[in-house]
Amino acid sequence: MKQLLIAMSVLGLTCVCVYSQAPYRLYTSPRLPARDVLARMNLVMAWNTRVKVDGGRDGVFSVQVLPGVPNQVVAQTYAGAVYLFDADSGDLIWKTRVGIPYWTPQPAGFNSQSIFVTRRNVLHVLNRFNGTQRVFTFNDATKETTFGYDMDYAPSAAPVADEELLHVSMGDWLQAFYIPDFEGLERLKRAGKQGKKDVLKDAKTPYADEEPSMNSPPMIYYWGHRLAPQTTEFPPVVYGDRISVLTTAGELLRFNRFEKGPRVEFLPFKMGGRAAAGAGQYYPIAYVGSDDYNLYALDLNNGRLLWRYVSGAPIAQKPEVNDREIYVAPERVGLQQIDRVSGRHLWTNRDTNRFLAANDKNVYALDRVGRFYVLDALRGSTLAKLDLADWAIPVANEWTDRIYLAANDGQIMCLRHRDLAKAMVMKSPETVKKKEEKKPMEEKKDDAMKDDEKKDEKKEDKKEEKKDDAKKDADKMGRLLLPRADYSRAQALPGNALPRGSASQPAVASMAWSRQSLQDAAFPGRAWERGREVWATLDDRRARAGR
């Protein structure tokens with residue numbers, strides 16, 4: 001009997017150990033919150049939808065808010081499905097499937113034309129407007145099309161893209177890829193099908209003169225930089241011509257992201273502790289949390305420290321930043337609101353530890369077990385709470401006031417304040433400046449000749465205006481200086497008899513009037529005495545008038 005008990009106890013301990021070591025994922029299938037419950041919290045259901053998942057093994061991997069006009073929401077599943085929704089109405093824009101199911105994904109990167117998703121080391125570029133894959137190769141032997149671009153290593157964080165380059169963190173490597181102008185190439189293809197030869201002739205793309213190929217334009221490797229012995233698990237921070245990488249050791253590395261060849265690192269910034277989450281960004285300022293209890297505000301252009309806030313505990317979550325505030329959640333302290341410009345502490349709510357969204361009146365957050373809280377935006381006090389623990393995938397939305405929550409069974413719902421039918425923009429996205437197309441040399445010459453002709457015409461017009469003004473000034477001066485009869489007599493003299501500076505010469509406005517020249521013009525011969533009397537009379541009048 002004792003042996004049987006010992007054997008059962010050993011078996012039980014073995015099962016417990018195996019269960020504790022086995023990885024598991026919480027699978028939930030919640031119900032939508034009731035309308036009257038939301039009404040008591042001044043909330044309404046903006047929209048809800050469901051993405052298709054492949055059984056219990058599959059589920060929603062990530063949900064992200066993409067800023068733009070309009071704002072969009074991209075959702076990925078473990079099986080490789082990608083969905084794009086309108087963030088305001090919930091309408092499905094497109095859906096597609098990428099890669100091999102259940103390969104390790106990363107959150108999506110994006111720019112104004114494309115969405116970049118990864119499956120292990122394979123990069124897939126999706127058209128943001130219709131979801132078609134833009135990078136593929138065609139095998140002539142097997143007649144098969146392979147989608148995606150094989151990178152050297154699997155990424156360790158979400159890719160970051162602008163209109164020209166794609167940046168990917170790969171552990172101790174950082175690589176940049178040149179993004180072809182897919183929109184311009186698609187316009188050329190459509191023009192070729194429609195027979196528009198003038199469009200093809202005037203096309204300014206590197207592929208315009210090439211013969212049509214079954215392969216897509218490839219992603220071009222631009223440069224790579226090794227971070228060893230340090231590593232990064234966070235997306236890089238890009239602003240202007242600088243790229244910054246936050247390492248797990250708590251060091252912010254900066255270097256130029258243009259020009260080929262090895263990177264030249266600028267002076268890095270070293271924090272007092274390690275970094276456990278990525279950096280928040282607002283234009284050229286990065287906000288970095290560390291386990292040394294500090295939140296750092298760093299200028300990405302020069303790497304200088306703008307301010308530092310002591311939170312009171314290690315910061316293990318990414319700071320969420322909008323136009324006015326920063327929301328940070330130190331461990332076992334609660335959600336804190338900080339002024340973005342000065343770094344001044346505004347309030348702390350100890351019930352919550354995860355930011356969801358905010359508007360001018362309220363802040364929405366979750367606690368450790370998934371309960372939903374409505375906070376006062378000015379004081380941080382708790383106004384209402386609701387159990388939404390089954391919505392296991394929270395979405396931090398720093399762009400608008402909308403609240404997004406998802407569940408593993410594919411449900412996605414959006415909540416909003418009942419008075420805000422239109423989404424309130426809380427963080428202004430960075431505008432993309434369109435580059436002006438360079439004109440050919442002939443067009444530049446023609447434009448320069450036209451500009452010169454216009455300048456010459458303007459100069460001639462100005463000269464004629466100066467002549468007219470000079471004549472008017474001369475006439476006016478003559479009337480002021482001479483009596484009416486003597487002025488008429490001076491005007492009757494021939495032009496060659498008048499001195500320089502008179503009304504018949506074009507340089508009247510540029511010459512100073514002299515009494516001697518006026519006397520020679522108005523009183524020829526032996527009339528000097530009369531002229532002296534006139535000048536004396538004018539001097540007396542000026543003296544009386546205070547001139």
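We use all heavy atoms of the structure for the numbers below, so side chains are in, but hydrogens, waters and symmetry mates are not. We number each residue from 1, following the sequence as shown.
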Checklist entry - Once the angle between the rings of Tyr221 and Phe177 is folded into 0 to 90°, is it parallel (under 30°), tilted (30 to 60°) or perpendicular (over 60°)? => result perpendicular
Checklist entry - What orientation do Trp173 and Tyr153 show, parallel under 30°, tilted 30 to 60°, or perpendicular over 60°? => result parallel
Item to check | Spacing of CG belonging to Leu298 relative to CG belonging to Leu306, to within rounding of 0.5 Å | outcome: 7.0 Å
Next on the checklist: When you compare the side chain of Tyr293 with that of Val333, does any pair of heavy atoms fall below 4.5 Å?
Outcome noted: no
Checklist entry - Does Tyr327 reach the main-chain N or O of Ala365 with its side chain, forming a donor-acceptor pair under 3.5 Å? => result no
Checklist entry - Does Thr118 reach the main-chain N or O of Val122 with its side chain, forming a donor-acceptor pair under 3.5 Å? => result no
Checklist outcome for this item: Ala316 and Glu331 have their tightest heavy-atom pair at CB-OE2, 3.4 Å
Item to check | Expected output: side-chain Glu233 to main-chain Gly171 donor-acceptor under 3.5 Å | outcome: no
Checklist entry - Quick one: does NZ or CZ of Lys427 land under 6.0 Å from the six-membered ring centre of Trp399, within 45 degrees of the ring axis? => result yes
Checklist outcome for this item: Heavy atoms of Gly278 and Pro319 approach each other most closely as O-CD, 3.6 Å
Checklist entry - Would you call the rings of Tyr309 and His345 parallel, tilted or perpendicular if under 30° counts as parallel and over 60° as perpendicular? => result parallel
Next on the checklist: Pairing donors with acceptors under 3.5 angstrom, does anything connect the side chains of Asp152 and Gln175?
Outcome noted: yes
Next on the checklist: Less than 3.5 Å apart, any donor N or O on the side chain of Ser428 or Asp323 sitting next to an acceptor on the other?
Outcome noted: yes
Item to check | Over 12 foreign heavy atoms within 6.0 Å of CZ, Arg50 | outcome: yes
Checklist entry - For Lys270, does the NZ atom have more than 12 heavy-atom neighbours from other residues, nucleotides or ligands under 6.0 Å away? => result yes
Next on the checklist: Is it the case that the side chain of Gln336 and the backbone of Leu346 share a donor-acceptor pair, with hydrogens and angles ignored and the cut-off at 3.5 Å?
Outcome noted: no
Next on the checklist: Just so I know, are the side chains of Phe355 and Val328 near enough to count as touching, which here means a heavy-atom distance under 4.5 Å?
Outcome noted: no
Checklist entry - What is the distance from atom CG of Leu84 to atom CZ of Phe129, rounded to the nearest 0.5 Å? => result 10.5 Å
Item to check | Residues Gln411 and Asp409: side-chain donor-acceptor under 3.5 angstrom | outcome: yes
Next on the checklist: Taking the side chain as everything from C-beta on, heavy atoms only, tell me whether Thr400 gets closer than 4.5 Å to Asn71.
Outcome noted: yes
Item to check | Ion pair check, Lys318 and Glu320, cut-off under 4.0 Å | outcome: yes
Next on the checklist: Do Gln76 and Arg119 pair up side chain to side chain, a donor and an acceptor below 3.5 Å, judged on atom types alone?
Outcome noted: yes
Item to check | side chain to side chain contact (heavy atoms under 4.5 Å, CB included) assessment of Ile243 paired with Phe255 | outcome: CA-CA 6 Å; Ile243 181 171; Phe255 35 85; 3.5 Å; yes
Checklist entry - Looking only at heavy atoms, which two atoms of His167 and Arg257 are closest? And how far apart? => result CE1-NH1, 3.3 Å
Checklist entry - Got more than 12 heavy atoms from elsewhere within 6.0 Å of CZ, Arg226? => result yes
Next on the checklist: Let's go through Leu123 and Met219 carefully: what are the C-alpha distance in whole Å and the side-chain angles of both, what is the deciding distance for side chain to side chain contact (heavy atoms under 4.5 Å, CB included) to 0.1 Å, and is it a yes or a no?
Outcome noted: CA-CA 9 Å; Leu123 172 68; Met219 299 288 292; 4.1 Å; yes
Checklist entry - Just how far is it from atom CH2 of Trp307 to atom OG of Ser342, taken to the nearest 0.5 Å? => result 8.0 Å
Next on the checklist: Restricting to non-hydrogen atoms, name the atom on Ala249 and the atom on Gln230 that form the minimum distance, rounded to 0.1 Å.
Outcome noted: CB-OE1, 3.8 Å
Checklist entry - Does the pair Ile326 and Gln337 meet the rule for a side chain to side chain contact (heavy atoms under 4.5 Å, CB included), with working shown? => result CA-CA 6 Å; Ile326 305 172; Gln337 187 187 75; over 6 Å; no
Checklist entry - In this structure, which one of Val117, Leu126, Thr132, Asn130 forms a side-chain contact (heavy atoms from CB on, under 4.5 Å) with Thr96? => result Leu126
Checklist entry - Which heavy atom in Ile315 sits nearest to a heavy atom in Asn294, and how many Å separate them? => result CD1-O, 3.7 Å
Checklist entry - Is Leu253 close to Thr247 at the side-chain level, that is, under 4.5 Å between some pair of heavy atoms? => result yes
Next on the checklist: Does Trp47 form a side chain to side chain contact (heavy atoms under 4.5 Å, CB included) with Met413? I'd like the steps, not just the answer.
Outcome noted: CA-CA 6 Å; Trp47 56 266; Met413 73 171 178; over 6 Å; no
Next on the checklist: Taking Ala377's backbone N and O only, do any of them form a donor-acceptor pair with Trp347's side chain (distance below 3.5 Å, no angle check)?
Outcome noted: yes
Item to check | Which atom of Ala79 lies closest to which atom of Asp58, heavy atoms considered | outcome: N-OD1, 3.1 Å
Checklist entry - Looking only at atom types and distance, does a side-chain atom of Asp401 sit under 3.5 Å from a main-chain N or O of Met424, one as donor and one as acceptor? => result yes
Checklist entry - Given side chains that start at C-beta, do those of Ser114 and Arg134 come closer than 4.5 Å, heavy atoms only? => result yes
Next on the checklist: How long is the straight-line distance from CG of Asp299 back to CD1 of Ile285, given to the nearest 0.5 Å?
Outcome noted: 6.5 Å
Checklist entry - Can you tell me how far CG of Asn127 sits from CZ of Phe182, rounded to the nearest 0.5 angstrom? => result 9.5 Å
Next on the checklist: With a 3.5 Å distance limit and no angle check, can you tell me whether Thr232 reaches the backbone of Leu246 through a side-chain donor-acceptor pair?
Outcome noted: yes
Item to check | Polar side-chain atom of Asn215 near backbone of Phe138 as donor-acceptor pair, under 3.5 Å | outcome: yes
Next on the checklist: How about CZ on Arg354, more than 12 heavy atoms from neighbouring residues, nucleotides or ligands closer than 6.0 Å, or not?
Outcome noted: no
Checklist entry - Is there side-chain contact between Phe372 and Ile403, with at least one heavy-atom pair below 4.5 Å? => result yes
Next on the checklist: Would you say the ring centers of Phe116 and His124 fall short of 6.0 Å from each other?
Outcome noted: no
Item to check | Ring-face cation of Arg340 near Tyr282 (centre distance under 6.0 Å, axis angle within 45°) | outcome: yes
Item to check | Output field: ring centroids Tyr78/Phe61 closer than 6.0 Å | outcome: yes
Next on the checklist: Could you check whether any side-chain N or O of Ser290 sits under 3.5 Å from a backbone N or O of Arg274, counting only pairs where one atom can act as donor and the other as acceptor?
Outcome noted: yes
Item to check | Heavy-atom side-chain contact between Val395 and Val65 under 4.5 Å | outcome: yes
Checklist entry - Can you say whether the rings of Tyr283 and Tyr239 are parallel (under 30°), tilted (30 to 60°) or perpendicular (over 60°)? => result perpendicular
Checklist entry - Can Gln72 and Arg128 be counted as having a side-chain donor-acceptor contact under 3.5 angstrom? => result yes
Item to check | Rounded distance [0.5 Å steps], CG in Leu405 versus CG in Leu415 | outcome: 6.5 Å
Next on the checklist: Tell me if a side-chain donor or acceptor on Asn121 pairs with a main-chain N or O of Ala154 at a distance below 3.5 Å.
Outcome noted: no
Next on the checklist: For Arg120, is there an ion pair with Asp150 - N to carboxylate O distance below 4.0 angstrom?
Outcome noted: no
Item to check | Side-chain heavy-atom pair Pro107, Gln64 within 4.5 angstrom cut-off | outcome: yes
